[in-house]
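Report on the following structure.
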Amino acid sequence: MGAVQPSVQTLLEKPQFLLHRIDAASSQLVFLETTRELLSALPFIDGRVQLSPNRRSYSIRIQEALEWQANDERSSQADRFIFHVSFCGSTLLARACDVPGRSFAYKEPRALIDLATIKARRLGQYTDRELWSKLANLTLGQLRKPWSAGEVSVVKMSNWANSTLIDLLQHGRQPRAVLLSIGLRDFLKAVLRGGPSRIDFTCRVLSHLQAENEELGQLIEQSASLKADPMENVVRLAALARHAQIRIFDRALAMKSTRSVHCLSYEELVQHPAEAIKGVSQALNLNLSEQDIGAALNKAMVRDAKHPERFFDRQRARQINRRVEKEYGHLIDRAIDWYQLCLGH
């Protein structure tokens, strides 16, 4: 016998019902019944692994949800975001910001990836500007639902969703944001370290972000050189993928509507993690104590951020970086020279 469908109000008010998908084709929202413990333990909640212990999902029409939202008079907390450039320690940062009773970190929710896809494809939910505003507000509201009294939510975005960064800050409620970035050379090494799958993902992100940056198309054309090693062209494209994300960050910093925007680098996070988390806590108004930060870091840093079942082997990570530098350092040098010449810095 199947589970009874919860009411629209229950799905939209209770945190155990996670807004997982925005199905633009059917104009429906898909919710999964889950737990805080499961979501907290996972490095990502974008659907790569099962998010519902009982495998229960429920769907409602977007219009039903918007009608409920129009009559919802509950007070809501501020929106707190972690935006990041790819491969810069954002999962570690989000884990450190997940402190039961204080703050809960949603790590790359699929619903926000769906929003970014709707925008990139210029679907009706985006071209109807009033509907887009309401849908963005509804999605953010679902990610503000507290798991316990006094606990706030932090949303760590997928970098795929950086194309909606400005939209979310514009439509968010008293938004606070952390912008986590990484230096160009470290970024390029991180891409190459991940092999073909990471290279492919980076190129797809670049293509996805083209819709938000007309300049990118010209730069991509310039990056292809018949005289260069094909792998050097790949590294150039990776440099442009980082550039596109940094440009979006620059626009966010120029916005006056955002209550707090805090910049943090991968280097600062890795070299001075306690100080970095303290700064993030202040920027996002998480009120984490030194004891909270210490305990969170002890839990987050001993495990591989993306594979929490494994212990983090710092020595092995350094060996891999040295190997990448030895094998690809000359290509990275040439790609950086091209990038600086092409971009004028």
Side-chain angles (χ1 to χ4, degrees), residues 43-44 84-96 158-160 162 179-209 216 219-247 249 263-273 276 297 300-345:
F44 307 100
H84 69 99
V85 173
S86 323
F87 321 127
C88 63
S90 62
T91 304
L92 167 64
L93 177 58
R95 282 189 175 281
S158 162
N159 65 296
W160 183 270
N162 279 341
L179 307 179
L180 178 61
S181 61
I182 184 171
L184 179 55
R185 191 175 198 88
D186 282 337
F187 175 81
L188 296 177
K189 287 194 291 186
V191 173
L192 295 169
R193 187 173 65 235
S197 61
R198 191 171 280 190
I199 291 171
D200 177 67
F201 174 75
T202 301
C203 290
R204 286 192 292 113
V205 167
L206 176 60
S207 177
H208 171 70
L209 294 177
L216 271 184
L219 292 172
I220 291 171
E221 288 183 13
Q222 293 175 32
S223 72
S225 170
L226 296 176
K227 297 180 181 179
D229 182 321
M231 198 63 187
E232 182 181 340
N233 288 337
V234 168
V235 181
R236 289 181 180 185
L237 289 175
L240 292 179
R242 175 186 174 276
H243 169 73
Q245 294 173 77
I246 294 296
R247 284 289 301 272
F249 282 13
C263 295
L264 178 66
S265 72
Y266 166 77
E267 294 78 10
E268 292 169 329
L269 177 60
V270 171
Q271 294 174 13
H272 307 287
L297 283 174
M301 297 196 75
V302 298
R303 297 282 179 177
D304 186 301
K306 292 179 171 55
H307 302 281
E309 72 281 2
R310 307 175 191 168
F311 285 100
F312 177 64
D313 189 334
R314 190 175 299 276
Q315 183 175 355
R316 182 173 180 275
R318 288 171 178 162
Q319 289 174 345
I320 294 173
N321 275 333
R322 285 196 293 268
R323 188 186 71 205
V324 169
E325 184 68 51
K326 182 178 180 180
E327 185 172 354
Y328 297 109
H330 63 294
L331 296 180
I332 293 173
D333 288 338
R334 292 207 292 265
I336 290 176
D337 288 343
W338 170 84
Y339 174 83
Q340 293 175 336
L341 180 65
C342 194
L343 275 297
H345 54 72

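Side chains are part of it too, since the values below use all heavy atoms of this structure and drop only hydrogens, waters and symmetry mates.
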To the nearest 0.5 Å, tell me how far [X] [atom1] sits from [Y] [atom2].
X	Y	atom1	atom2	answer
L216	R247	CG	CZ	8.0 Å
L188	L331	CG	CG	10.5 Å
R185	I332	CZ	CD1	5.5 Å
M231	H330	CE	NE2	10.0 Å
Q245	L180	CD	CG	11.0 Å
L240	I246	CG	CD1	13.0 Å

Shortest non-hydrogen contact from [X] toward [Y]:
X	Y	answer
K189	N321	CD-O, 4.5 Å
L297	P273	CD1-C, 3.8 Å
Q222	R236	O-NH1, 4.0 Å
L269	C88	CD2-O, 4.3 Å
L192	Y328	CD1-CB, 3.6 Å
F44	T91	CE2-OG1, 3.9 Å

Are any side-chain N or O atoms of [X] and backbone N or O atoms of [Y], one a donor and one an acceptor, separated by less than 3.5 Å?
X	Y	value
E268	S265	yes
N162	H84	yes
S223	I220	yes

Does any part of the side chain of [Y], heavy atoms only, come nearer than 4.5 Å to the side chain of [X], both counted from C-beta?
X	Y	answer
T202	S86	no
I199	L237	no
V205	N159	yes
R318	R322	yes
R95	P43	yes
L184	H243	no

### Message
Does R334 form a salt bridge (Lys or Arg N to Asp or Glu O under 4.0 Å) with D229? I'd like the steps, not just the answer.
### Response
CA-CA 10 Å; R334 292 207 292 265; D229 182 321; 5.1 Å; no
### Message
Atom OH of residue position Y266 - does it have more than 12 heavy atoms of other residues, nucleotides or ligands inside 6.0 Å?
### Response
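12 or below, so no.
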### Query
Does R198 make a cation-pi contact with F87 (under 6.0 Å, within 45 degrees of the axis)?
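Because its charged atom sits under 6.0 Å from the ring centre and within 45° of the axis, R198 does stack over F87.
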### Ring geometry between F201 and W160 (parallel below 30°, tilted from 30 to 60°, perpendicular above 60°)
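Plane angle between 30° and 60°, so tilted.
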